[in-house]
2 protein chains.
Amino acid sequence: MSKQTKKHLGGCPVAYGTDIFGDRWTLLVIRDMILHGKKRYGVLLDAEEKIATNILADRLKHLEAVGVVNKAQDPENRRSYIYSLTQKGLALTPIILEIVRWSGSHLKMNKSRRELLKRIDTDRNGFIAEIYARENKSPPKLAI
Amino acid sequence: MSKQTKKHLGGCPVAYGTDIFGDRWTLLVIRDMILHGKKRYGVLLDAEEKIATNILADRLKHLEAVGVVNKAQDPENRRSYIYSLTQKGLALTPIILEIVRWSGSHLKMNKSRRELLKRIDTDRNGFIAEIYARENKSPPKLAI
DNA sequence: ACAATAACTTGCAAATTGCAATCTAATAAT
DNA sequence: ATTATTAGATTGCAATTTGCAAGTTATTGT
């Protein structure tokens, strides 16, 4: 992820988005938080794709800086930090879901993932609402 | 974009997606093709973000290799090549549109871009159908 | 024939990623 | 109380990628 190129010019929304999550590792971190409810450094480190420690730390710091994630110390264990998705972060859910849908058309998936895709197709808004509820955030207004 | 890390493990759809478009430049190229109908190397090179020639060539080659883009020589000018989105490529449209929507909530945009956002919100499927029609491809089945 | 163009390719410096070791503060175990 | 372990990084450095600008080749325009 290029810090040098992290400047969107001319106000293009896609360029703005790519400045924030237009790299593989950031997208995967967001996936883990949105779809799997992961909230801790060590748990995020455990993803299948094996992110490097410095990359994970860098990405979490970045996501906090852009307001996608909130970092708070766990009062019961001050070594540990809780990373929560903000409203801005949760609002990335539809993007993640569209990625799942697109990939679902071109990738062999196991049964549980096929069922996830079916869930998304069957009741997308309900699925989104569940993710928001899990994070104790109010869901967005329903779109048609 | 890491060739070494371009391997999705375990069949996760988001990881699969990030292998294909999980980098800034690829997303921006896809944006230009989907939203602006760009089809030629020189035109894609002219984007606001100023992609480097080697990066553009690399990304187009990659997109062709993964079946998102088709490359054909222009019969009227054999120096020039036409890069067309395949069905697989066009199916990325909902992702691009969700990125536009998300960014629209967090970015000041000029009038034309605000109108684009309003278009997407008002008649998303119609907008998608227009893009498919522009590319002479049959649109996907309507989702609820 | 020569100039201009389209699409790259190349050389190389700067930046980023990836791996593994290391560090510090806090908690757990003894 | 002391030692061991843990959580979350940070660091050193090699490998890879990006970015810039010059260069190349085939094709078209003059």
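Below, chain A is the first sequence line, B the second, and so on; all start at residue 1. Values below: every heavy atom of this structure, side chains too, minus hydrogens, waters and symmetry copies. Being a predicted model, the structure only gives us computed values, none of them experimental.
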Send over the distance from [X] [atom1] to [N] [atom2], rounded to a whole Å.
X	N	atom1	atom2	result
K61(A)	dT16(C)	NZ	C1'	16 Å
R59(B)	dC8(C)	CZ	P	15 Å
E49(B)	dC20(D)	CD	C1'	17 Å
E76(B)	dT5(C)	CD	C1'	17 Å
W25(B)	dT16(D)	CH2	P	23 Å
Y81(B)	dT25(D)	OH	P	15 Å
D74(B)	dT5(C)	CG	P	17 Å
L56(A)	dT11(D)	CG	P	16 Å

Under 4.0 angstrom, heavy atoms only, what part of the nucleic acid is N77(B) near: base, sugar-phosphate, or nothing? sugar-phosphate

What contact category does S80(A) fall into here, base, sugar-phosphate, or nothing, at under 4.0 angstrom with non-hydrogen atoms? sugar-phosphate

Tell me which of P75(A) and I55(A) sits closer to the 5' end of DNA chain C, going by the nucleotide each one is nearest to. I55(A)

Return the 5'-most residue of the pair T53(A), R79(A) with respect to DNA chain C, ranking by each residue's nearest nucleotide. T53(A)

Side-chain N or O of R78(A) versus OP1/OP2 of dT27(C): is the shortest distance under 4.0 Å? yes

Using OP1 and OP2 only, check whether a side-chain N or O of K50(B) sits under 4.0 Å from dA21(D). no

Between the side chains of D23(B) and R59(B), is the shortest nitrogen-to-carboxylate-oxygen separation below 4.0 Å, so that they form an ion pair? yes

Is any NZ, NE, NH1 or NH2 atom of the basic residue among R101(B) and E98(A) found under 4.0 Å from an Asp or Glu carboxylate oxygen of the other? no

Value rounded to 0.5 Å, distance of [atom1] in [X] from [atom2] in [Y]:
X	Y	atom1	atom2	result
H62(B)	I20(B)	NE2	CD1	6.5 Å
L44(B)	Y41(B)	CG	OH	9.5 Å
R31(A)	C12(B)	CZ	SG	4.0 Å

